[in-house]
Colleague: 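Sharing a structure with you now.
Lettering of chains follows the sequences in order, A, B, ..., and the numbering in each one begins at 1. Note that the structure is predicted; figures quoted are calculated from it, not measured. FYI, side chains are in, hydrogens and waters are out, and symmetry mates aren't considered; it's all heavy atoms of this structure.
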Amino acid sequence: MQENYNHKDIEKKQQNKWHDTKAFVVDENSPKPKYYCLSMLPYPSGKLHMGHVRNYTIGDVIARFYHLNGYNVLQPFGWDSFGLPAENAAFASHVSPAKWTYQNIDYMRWQLQSLGLAVDWSREFATCSPDYYKHQQWLFIRLYEKGLIYRKNGVVNWDPVDHTVLANEQVIDGKGWRSGAVVIKKEIPMYYFKITAYAEELLQGLDELSGWPEQVKTMQRNWIGKSVGMEVNFPYQDNSDNLVVFTTRVDTLFGVTYVAIAAEHPLAEIALKQKPELADFIASCKKGGVSEAELATQEKKGVFSGLYVKNPINNELIPVWIANYVLMSYGSGAVMAVPAHDERDFEFATLHNLPIKPVVRPGDSELDLPLKAPYTEKGILFNSGQFDGMDFNKAFSAFAEYLKQHNLGQAKTNYRLRDWGLSRQRYWGCPIPIIHCENCGDVPVSDSDLPVALPEDLIPDGSGSPLAKSPEFYTTVCPKCGVNAKRETDTMDTFVDSSWYYMRYTCADNSMQALDERVNYWAPVDQYIGGIEHAILHLLYARFFHKCLRDLGLVNSKEPFINLLTQGMVLADTFYREDAQGKKTWFNPSDVEVVVDEKGRELSATAKADGKAVQIGGQEKMSKSKNNGIDPQMIIEKYGADAARLFMMFTAPPELSLEWSDNGLEGANRFIKRLWRLVYEHVQNGIVKPYTSGDLSAEQKKLRTMLHQTIQKVTHDIAVRRQFNTAIASVMELLNYYSKVSLSDEMGQALSQEILEDVVIMLSPIIPHICEELFRELAPGKELLDQHWLSADLTALDVDEAEIIIQVNGKLRGKIMVAKSLSKEQVEEAAKQNVNVAKFIEGQIIKKTIVVPGKLVNIVV
RNA sequence: GCCGAAGUGGUGGAAUUGGUAGACGCGCCGGACUCAAAAUCCGGUUCUGGCAACAGAGUGAGGGUUCAAGUCCCUCCUUCGGCACCA
């Protein structure tokens with residue numbers, strides 16, 4: 001065995017071996033139980049970043065752990081390779097999105113392979129390849145036929161200068177990112193998935209997802225936003241039609257003092273005819289982006305439309321206001337306002353001097369009038385005619401009954417969730433397989449004509465979709481009647497690509513079918529790992545798609561992901577200099593020298609290049625804009641993949657954000673070298689059979705107990721808690737003690753052999769390269785990947801004494817070792833004998849004593 | 001604005017079911033080895049007082065529940081994620 005650890009040789013050697021022996025290529029013909037471990041597929045942005053390294057290391061640790069536990073583990077990999085960045089890169093550097101994307105994929109695949117992931121690369125695919133998206137188009141047509149896709153108008157961000165639709169992130173302060181023009185809301189026809197048809201099932205299904213973090217389920221519940229209420233009709237003044245509003249607080253109907261409608265509402269058009277001066281306001285509502293964050297933070301504005309509707313309960317005339325915060329695409333585009341009992345309405349009414357009419361009061365007191373703040377609790381009705389004195393539930397049914405009888409409303413369950421608009425006016429995406437025919441309307445492309453191939457040689461110019469300007473693409477004939485027709489030029493939202501890819505991995509070699517029976521062997525995914533930023537959209541869309549595909553008979557499970565782990569971001573220090581204009585130049589942490597005080601606090605920093613001061617900017621998410629990215633490739637070159645993996649797993653639990661630290665990485669590397677040396681020293685003394693039985697010194701016995709406690713802890717931390725940092729810490733503790741105990745005798749050598757073999761197996765999911773190498777030295781002729789995960793020896797865990805802590809009034813006053821056989825009373829007595837404890841209870845009256853067996857005694861005086 | 005998290009020594013974090021706050025690592029301090037340095041190894045390291053034993057304080061702020069609170073409840077502050085066309 002070599003004395004010194006050389007990561008380059010070892011890692012290359014193991015990776016070649018795994019590749020040559022197809023160690024992680026799997027199929028369905030295994031007697032072992034299956035385990036599908038999946039990390040979210042990356043966007044091929046160009047280079048691997050530390051967030052990827054973290055994500056894929058977590059997945060790999062879990063995959064390797066289950067492999068050792070006797071599972072048939074599938075860990076596939078692919079690329080989410082459609083999307084905006086390729087178009088932006090193409091626009092900037094005149095390379096086609098296809099070329100840019102495929103180059104990125106090749107480079108990143110090479111980078112990933114140097115991480116030593118236990119991935120079945122034979123199943124790899126990119127979502128931008130026709131082999132993938134032709135099946136997606138086929139699925140689209142099936143869903144279209146089933147009525148789960150429909151077309152309607154939707155609102156988008158429109159850049160009036162560049163004549164293009166902007167993504168929300170391309171709208172900055174209400175202006176287009178390139179043109180700087182004020183963005184306007186524009187209605188265009190789009191296709192929608194009817195996700196609301198599954199709202200209830202998506203909501204109910206969350207209750208069964210016990211392997212998902214509670215916070216993610218809560219976010220999804222709130223996103224779906226089920227509310228039980230009523231649809232109430234407010235008749236127009238001339239009775240020509242009704243204004244329909246949805247409310248969960250029909251009990252406040254007598255308190256309605258105005259209604260607010262969207263600028264696009266049909267009633268607003270009627271108002272405009274009678275009152276032309278509304279045009280300016282209606283136009284101003286169309287300014288700005290469509291994102292909810294922008295709408296919710298903008299100043300709330302409204303004008304009186306000149307029209308009135310009738311309150312259905314008492315025929316009172318209610319003024320109709322046009323407001324910028326009501327959007328046509330949300331609900332019915334109209335809300336009833338009850339300023340006395342709603343925060344937003346109260347604010348708006350106060351601003352515009354609208355009446356505030358209280359109709360609900362607390363059960364046990366009167367309201368302070370006039371109201372200084374809205375009373376938003378459910379209470380007892382007053383000022384409400386025949387409904388006076390009713391509580392919320394009674395009032396709700398009474399109003400429902402009344403409105404229904406008079407044909408003025410009905411009970412309704414509403415969801416905040418809206419249908420999923422899937423059309424994108426972009427080039428680099430999956431073409432929507434629809435043909436627009438003057439005779440036949442929207443006609444799906446015939447299955448035999450799939451894929452509708454995306455031309456790969458176009459280069460966007462920043463003004464609208466290249467496909468819409470490409471007659472070679474859109475000119476076609478109607479599949480039904482054969483006349484000249486036009487292909488749809490919109491492409492699909494990239495969330496569609498990532499909504500079913502995890503199923504495609506199970507049968508990626510099947511070019512004839514989207515999915516085959518193998519999907520039911522592997523799906524659902526047993527463990528899914530990805531960023532918390534996907535908590536709602538991606539994960540909800542994938543759940544929706546899974547249910548759709550189930551209803552198409554393509555898969556037989558209900559949910560896509562049984563267990564979910566959401567990992568945190570990777571942060572690093574930022575450093576900058578600011579010029580006179582306030583423009584910041586960011587310095588990469590690797591180009592900066594930090595000065596610390598005697599306690600290690602950061603005092604100041606200088607650039608290595610010129611030795612002059614730079615500002616310390618704190619920890620931020622690694623990004624190009626802050627120039628604080630650390631290149632994983634450099635780290636792997638210098639320290640090896642194992643050190644990078646160990647650092648990532650040890651420095652923080654997976655869910656929390658992880659702060660990059662060069663020193664921390666050095667620490668991880670030190671541990672790896674130390675592990676190597678400990679095995680080297682042991683092997684120099686000669687390998688022996690691992691300890692099974694025989695007399696050990698007291699210290700050795702304690703060490704062996706610790707080994708088996710460590711096995712228990714590591715197993716629990718990885719299998720149940722998915723908390724790798726504490727698993728690693730406990731192995732470090734074990735090795736710290738191992739180094740202190742004398743093991744030079746025959747039994748000691750056997751114990752040393754047992755410990756080192758077990759440590760190498762326990763750490764192998766995290767640092768697989770070095771562990772395989774060390775295992776070969778410790779157990780020649782055996783393969784680590786063929787070993788079974790460890791189980792603790794219960795006899796080693798059987799200790800007969802326990803440390804009891806003694807508190808007086810909840811404060812720690814002493815510790816004693818007691819035999820486990822002692823009764824509660826005996827333990828209590830022993831506690832009182834403790835010298836230090838005696839000081840605190842002497843002369844005091846003992847009110848109460850709490851004894852927690854095996855743990856503590858608390859004496860209350 | 002709305003929804004969801006997080007906040008613990010100089011620092012990353014640990015404390016798993018309400019029961020020893022600070023495991024493990026980093027940094028720093030001291031020592032060994034060395035001509036010297038690096039590497040490595042050993043010891044110390046929450047703060048205050050004390051030679052020490054020990055005592056007091058302490059988990060973003062303020063209140064509360066409990067024999068006992070980092071952990072549960074209420075109010076607030078700060079930071080981060082998402083908000084439907086970034087992925």
Side-chain angles (χ1 to χ4, degrees), chain A residues 40-43 45 80 83-85 88 154 156-157 165-171 213-216 218-219 221-223 225 289-298 300 325 344 417-421 423-426 493-495 498 531-538 540-541 566 568-569 571 596-602 621 647 650-653 655-668 670-671 673-674 677 713 716-717 720-721 723 725-726 728-733 736 739 803-807 809-812 815 836 839 847-850 852 855-856 858-860:
Chain A
M40 287 181 188
L41 87 175
Y43 181 80
S45 53
D80 187 17
L84 265 186
N88 294 334
V156 295
N157 303 307
V165 176
L166 299 178
N168 283 334
E169 71 157 5
Q170 298 172 324
V171 179
E214 215 44 60
Q215 55 154 314
V216 174
T218 305
M219 280 192 262
R221 273 187 203 106
N222 292 339
W223 186 261
V290 298
S291 76
E292 193 185 298
E294 189 175 335
L295 293 170
T297 49
Q298 75 186 351
K300 288 175 189 59
Y325 62 88
R344 267 194 358 180
L417 179 70
R418 309 195 302 262
D419 277 339
W420 170 14
S423 298
R424 296 291 179 268
Q425 298 68 43
R426 308 198 186 286
D493 179 5
T494 55
F495 275 125
S498 54
I532 183 69
E533 64 271 22
H534 297 290
I536 296 174
L537 293 180
H538 163 58
L540 192 67
Y541 290 154
T566 50
M569 296 175 306
L571 315 177
V596 296
D597 69 6
E598 75 281 359
K599 285 200 165 168
R601 265 183 293 236
E602 287 185 359
K621 179 177 174 174
F647 167 74
F650 177 64
T651 304
E655 292 86 358
L656 292 193
S657 54
L658 179 150
E659 295 179 19
W660 181 262
S661 145
D662 288 334
N663 286 327
L665 180 71
E666 300 260 9
R670 200 173 301 155
F671 176 77
K673 287 196 289 192
R674 178 161 171 240
R677 201 180 52 247
K713 177 160 174 59
H716 187 244
D717 280 351
V720 181
R721 300 209 309 150
Q723 191 150 316
N725 56 331
T726 50
I728 296 163
S730 66
V731 175
M732 287 175 170
E733 256 184 292
N736 286 347
S739 303
E803 189 185 53
I804 301 285
I805 61 143
I806 311 161
Q807 299 177 331
N809 284 354
K811 288 199 170 171
L812 176 69
K815 300 174 190 182
N836 198 46
K839 274 200 319 212
K847 284 195 204 156
K848 188 163 156 186
T849 306
I850 291 116
V852 181
K855 283 226 163 126
L856 71 80
N858 188 11
I859 303 165
V860 186

Colleague: Does B/A36 have a Watson-Crick or wobble mate here (both distances under 3.5 Å), and if so which one?
Modeller: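 Its partner is none (no Watson-Crick or G-U wobble pair with both distances under 3.5 Å).
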Colleague: Look at the side chain of A/Gln425 against the base of B/C85 and say whether a donor-acceptor pair falls under 3.5 Å; ignore hydrogens and angles.
Modeller: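 Result: at least one qualifying N/O pair found.
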Colleague: Searching all strands shown, indicate the nucleotide that pairs with B/A84 (Watson-Crick or G-U wobble; both distances under 3.5 Å).
Modeller: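 With both distances under 3.5 Å required, B/A84 matches none.
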Colleague: Give the rounded distance in Å between these two atoms: NZ of A/Lys673 and P of B/A39.
Modeller: 8 Å
Colleague: May I ask you to decide if the ring planes of A/Phe647 and A/Trp660 are parallel, tilted or perpendicular, using 30° and 60° as cut-offs?
Modeller: perpendicular
Colleague: Describe, in one word, how the ring planes of A/Tyr541 and A/Phe495 are oriented to each other, choosing from parallel (under 30°), tilted (30 to 60°) and perpendicular (over 60°).
Modeller: perpendicular
Colleague: If we call it a pair only when both distances are under 3.5 Å in a Watson-Crick or G-U wobble match, what pairs with B/A53?
Modeller: none
Colleague: To the side chain of A/Lys811, which of B/A57, B/G1, B/A87 is closest?
Modeller: B/A57
Colleague: What integer number of Å spans the P atoms of B/U66 and B/C51?
Modeller: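 To the nearest whole Å, 42 Å.
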Colleague: Report the distance from atom CG of A/Leu656 to atom C1' of B/U79, rounded to the nearest whole Å.
Modeller: 14 Å
Colleague: Of A/Ile536 and A/Phe495, whose nearest nucleotide on RNA chain B comes first from the 5' end?
Modeller: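 Nearest-nucleotide comparison on RNA chain B picks A/Ile536.
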Colleague: Mind checking A/Met569 for me? I need base, sugar-phosphate or nothing, with any heavy atom below 4.0 Å counting as a touch.
Modeller: sugar-phosphate
Colleague: Which nucleotide in the list B/G25, B/G13, B/G81 gets nearest to the side chain of A/Met219?
Modeller: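 Closest of the options to the side chain of A/Met219: B/G81.
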Colleague: For A/Arg670 and B/C26, what is the distance between atoms CZ and P respectively, to the nearest whole Å?
Modeller: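 Rounded to the whole Å, the gap is 5 Å.
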Colleague: Give the B/S/- string for nucleotides 62-72 of chain B, one per nucleotide from 5' to 3', where a protein heavy atom under 4.0 Å of the base yields B, of only the sugar-phosphate yields S, and otherwise -.
Modeller: -----BS----
Colleague: With a 4.0 Å limit, can you tell me whether A/Asn157 has a side-chain N or O closer than that to the phosphate oxygens OP1/OP2 of B/C85?
Modeller: no
Colleague: Using purine N1 to pyrimidine N3 plus N6-O4 or O6-N4 for Watson-Crick, or N1-O2 and O6-N3 for G-U wobble, each under 3.5 Å, what pairs with B/C72?
Modeller: B/G64
Colleague: Would B/G9 be called syn or anti, given that syn covers angles within 90° of 0?
Modeller: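 What B/G9 shows is a syn base, its glycosidic angle lying within 90° of 0.
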Colleague: Identify the nucleotide, in any strand shown, that forms a Watson-Crick or G-U wobble pair with B/U78, with both distances under 3.5 Å; if there is none, say none.
Modeller: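 Across any shown strand, B/U78 pairs with B/A6.
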Colleague: Taking the P atom of each, how far is B/G60 from B/U8, in whole Å?
Modeller: 6 Å
Colleague: Sticking with atom C1', work out how far B/G9 lies from B/A23, rounded to a whole angstrom.
Modeller: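 Roughly 14 Å separates the two C1' atoms.
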Colleague: Report the distance from atom CD of A/Glu292 to atom P of B/G4, rounded to the nearest whole Å.
Modeller: 14 Å
Colleague: Counting the atoms with a prime plus P, OP1 and OP2 as sugar-phosphate, which does A/Glu803 contact under 4.0 Å by heavy atoms, base, sugar-phosphate, or nothing?
Modeller: base
Colleague: Both distances below 3.5 Å, Watson-Crick or wobble geometry, any strand: find the nucleotide opposite B/U20.
Modeller: none
